[in-house]
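All values derive from a computational prediction rather than experimental measurement. Side-chain atoms are counted along with the backbone in the values below, which use heavy atoms only and exclude waters and symmetry mates.
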Amino acid sequence: MFTFTPLQGALSESTASQSLLELDGGVKVLVDVGWDERFDVEKLRELEKQIPTLSLILLTHATVNHLGAYAHCCKNFPLFTRIPVYATRPVIDLGRTLTQDLYASTPVAATTISPTSLAEVSYSYAQTSSADHNLLLQPPTPEEIARYFSLIQPLKYSQPHQPLPSPFSPPLNGLTITAYNAGHTLGGTVWHIQHGLESIVYAVDWNQARENVLSGAAWLGGAHGGAGGAEVIEQLRKPTALVCSSRTPETALARARRDDQLLESVKLCIARGGTVLIPVDSSARVLELSYFLEHAWRAEVARDNDVFKSTRVYLAGRSIGSTMRNARSMLEWMDDSIVREFEAVAGAGGTRGGNSGAGGGKAGPFDFKYLRLLERKAQVQRVLQQATDDAEPRGRVIVATDSSLEWGFSKDVLRVIAGDARNLVVLTEKPNRSSGKSSIAWTLWEWWKERRDGVAVEQTSGGDTFEQVYGGGRELEVTEATRQPLEGNELGVYQQWLATQRQLQATLQSGGPAALEASADVVDDASETTTETEESETEQQGKALNVSTTIGQASRKKVVLTDEDLGITILFKKKGVYDFDVRGKKGRERMFPTVLRRKRNDEFGELIRPEEYLRAEEREDADGQEDRQDGNRQEQGFGKKRKFDDVGAAKGASNNKRPHLKRAISDEPEAASPDGHAGDELDDLEDDEEAVVGPAKLVVRSQAVSVNLRIAFVDFTGLHDKRSLHMLIPLIQPRKLILVAGAEDETLALAADCKKLLSAQLTSDSSQSAIDVFAPAVGATVNASVDTNAWVVKLADPFVKRLKWQNVRGLGIVTVTGLLLPSGEVALQDTAGPTNNTTVPSNNDDDEDASNKRQKIEPAAEQSNTLSKTAIVTTTTTTTNTTTTAIPTLDVLPPALASAVRSAAQPLHVGDLRLADLRRAMLGAGHKAEFRGEGTLLIDGCVAVRKTGTVLYGGRGGECQCLLPGSFVVQNQGK
């Protein structure tokens, strides 16, 4: 059984992706935890309901559309971190930097508290309506994000893996997952899921064409895909179900034409002294764009192009340095041309790590000489201010996050450059359109399609024309979301809401303490010093968020909290209270504020900390030694051996103006010059904004911006086009086809085209059954189970003894020919007696269970002359009220039928026969076999065997006869 349910992104303009796959035995697989730029918590309600039943989670791409909600679910859904998650290493590392950039750039990602929950609090405490309160949930910190992504299990391409189930999942029964290259993004994955008879290929957002950095999808083989044979690889061929995305680009251009169009658009703008804004994501397609721009600048500067020499290129994102460091360490995941480029640089003595720009050596693939990385808002503002203050116009190119223009530095840049007609914004992908208010990128996309205020038609050096649409002074509403501390009544509402969540958690814990205790420990299971009193307000909030949905409205009248219910929080929630009675209390309130360490046990017993058993003088000596070590760290100079922690301490003690709370951290040490540029005034700039710590609210302000700049569109999405779909789907030959991740009109149109293609294929091959094409909506479940005729039979003991098993590539295979008998009948072999057949009933009226056992019939003396060589013995059973399923029996063929069946038996071919295997078999049989030409095997000098996609033919004297389906052509050479 296999059912498929899209949770997001089906028959919709939204590009968010979430899919639920349910297999036999209740095994549920969640593929992707996507979100869109609206960060609507209501779109995660169905996912929240499914969390206690999930077996594992698979991630496909490091984009917001595929894993944007992962950190939110880990933070706010307690059981989510107990579910095993699998992805490739690039998806893990780039997804971490993307999530850190997301939460550092906009407070909207933290989401607000549900108005329903606030309304319940107001009702319980007789307060005023709180519908206007936009109270924010506590966002995950950069450290928490790094910890969440460290829980993901990394996988490599083309390596089958049997995952472990979640603690609340049924057994997986041999489920196997395999990752294949999907193109589109670095580490992007096409998942192959094998479970019993079900072979499922999940391919959403893939690209068959090779690009500058990324190789194509692995449908046709090759090292990472893109370059291979003319047939789909065996592992992805003929799946029982293919889940494919229907979203295709608006205009499908070849890579060279696409690159020329973008470069020509940039060249025209910077030639007139304008600023080019290219909004892009911060972890996926940014690699393709940054690589192209860097190498384009290298080529133009080498030609002494003055326009490009005087133009600066900037790459802006709060975690863009970490993204590029990760990219430099993952060259083996990229296209072979990138690997060869790096090997050439390394062989020529070039440097790696971003130092080539300053030193003048030969630069590697991602060692930027002309791209300047900007990771702080103050740096972006200074670059924009320089563009305004320049007496002579000077071109600038800014590649900034995010592509939606709803968060990140791209919105700040657009607000400044929108009023100048010399400037240009280049959209690199069709924007996402979610319910509610349209994003800024979608509005500009609509203006580009309308072409209301005129169009400038330009031409590339290759002769292709492209259009740039004038803004025409139209008004664009730009919103700015900020995080502000709570004031007045808002703080009381938030505290009461938090107390309510804790009370609900305590109520739920009384019904299932073991489950809640396990979910609480999973947040930081590796820490041995975590205590209940050390847990912050945000951690307590995150553990209790979805408790209210469990309790429901029925418990609303029970949450009116008294002083006893408030517990230790009464000390800061009520004025004039300075004491708290800890007698008879449990948990963190029983000995406040004493710190209690959680006991840790392993298979050998309770862990012992030796430092707790030191004598007083030993503890003083240990403390003194630590003080002396701290003093020595300050005295260590250049050239002395230092520990890694000492280096970090020295950096922290230096006069570093960068506050750690204002930037997304990385698990790697920060390089002094991540982009290879020498230090300049931009390095000394720091953000003046103070981070709001603690309870906060969301404040959104709107601003009308007059748009006079030009709008262009160059498709850099890197997705498959319709031609690739029409070519590959018939080659994949799926039994069921499920189309998701696309708008309603394009999905239904593609479904109709696929039905025609697959119907034409069925006409040529009448042995196949009809292929179903599904296009489910969000929340709709389709049954895509395999149409396989499977029977359950009993094997008779004499039949089992005659089986001869063969090992074919790790599988035990046997060909059987037998006599299928109804339930309760047994074929007896006897050489005595006449040749006629007789059916002999057995009398077992006194035994009700006789029908379930094999009957052992001894012929009576009076029946010895009437028994045949083959006798069918029928058992009779007593009629009861219980109905049981009758299972037929497969027994040995009688000698009279064996010869007839043997002459009618047809050859059976299992697997994909190769010419090398056939040559080995022919040599083993005493024949001469050698390869002649490409794909031709010559046997005994007279028979040529050639592999084709049709059938195997053989013959003598010009006559041909079909022998085996689908493998070879055998030609008589006339010898």
Side-chain angles (χ1 to χ4, degrees), residues 15 59-67 87-95 97-98 155-158 179-191 203-228 233 236 245 247-249 252-259 262 278 280-296 315 320 323-343 364-366 368 371 399 403 428-429 714-721 723-724 728:
T15 56
L59 302 178
T60 57
H61 297 282
T63 61
V64 176
N65 299 328
H66 293 272
L67 53 75
T88 59
R89 172 56 62 185
V91 172
I92 298 174
D93 293 342
L94 297 178
T97 59
L98 165 68
L155 297 180
K156 295 183 179 180
Y157 285 150
S158 305
Y180 294 94
N181 183 28
H184 180 56
T185 64
L186 188 62
T189 308
V190 171
W191 289 105
V204 172
D205 292 347
W206 52 272
N207 184 20
Q208 182 62 25
R210 291 180 56 185
E211 297 187 88
N212 296 312
V213 175
L214 306 172
S215 57
W219 294 110
L220 304 179
H224 293 300
I233 59 176
L236 301 179
S245 55
R247 185 180 302 109
T248 56
L253 294 178
R255 181 183 65 182
R257 296 175 59 190
R258 177 200 67 181
D259 295 348
L262 177 62
I278 306 177
V280 68
D281 58 72
S282 61
S283 61
R285 301 300 301 172
V286 66
L287 300 179
E288 182 74 17
L289 268 171
S290 59
Y291 177 88
F292 166 70
L293 291 177
E294 169 67 20
H295 285 69
L315 191 57
I320 197 65
T323 299
M324 293 306 160
R325 284 194 294 270
N326 288 326
R328 296 186 190 106
S329 64
M330 297 176 184
L331 299 182
E332 67 275 8
W333 293 85
M334 301 179 186
D335 189 68
D336 293 338
S337 61
I338 301 294
V339 179
R340 290 192 296 268
E341 180 181 350
F342 170 73
E343 292 175 349
F366 285 92
F368 297 139
L371 263 69
V399 182
S403 58
T428 57
E429 62 182 39
V714 181
D715 190 1
F716 257 81
T717 53
L719 291 176
H720 55 75
D721 54 4
R723 177 178 173 274
S724 299
L728 283 175

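Once rounded to the nearest 0.5 Å, the distance linking CG of Leu728 with CG of Leu220 reads 5.5 Å. Separation of atoms OG1 (Thr428) and CG (Leu262) is listed at 8.5 Å; rounding is to 0.5 Å. Atoms CZ and CG, from Arg89 and Leu186 in turn, are 12.5 Å apart once rounded to the nearest 0.5 Å.
Between Arg258 and Glu211 there is a salt bridge, with a side-chain nitrogen of the basic residue lying less than 4.0 Å from a carboxylate oxygen of the acidic one.
Residues that satisfy the salt bridge (Lys or Arg N to Asp or Glu O under 4.0 Å) test with Arg247, not counting sequence neighbours, are Asp205. Residues passing the side chain to side chain contact (heavy atoms under 4.5 Å, CB included) test with Ser403 are Glu429, sequence neighbours excluded.
By the neighbour-count criterion of 12 heavy atoms within 6.0 Å, atom CZ of Arg723 is sparsely surrounded, having that number or fewer from other residues, nucleotides or ligands.
Between Thr323 and Asn326, the side chains place no donor N or O within less than 3.5 Å of an acceptor N or O (distance only, hydrogens not considered). A side-chain donor from one of Asp715 and Thr717 sits under 3.5 Å from a side-chain acceptor of the other.
If you look at Trp219 and Tyr180, their ring centroids are not closer than 6.0 Å.
The aromatic rings of Phe366 and Tyr291 lie tilted to each other, with the angle between the two planes from 30° to 60°. The aromatic rings of Trp333 and Tyr157 sit perpendicular, their planes meeting at an angle over 60°, well past the 30° parallel limit.
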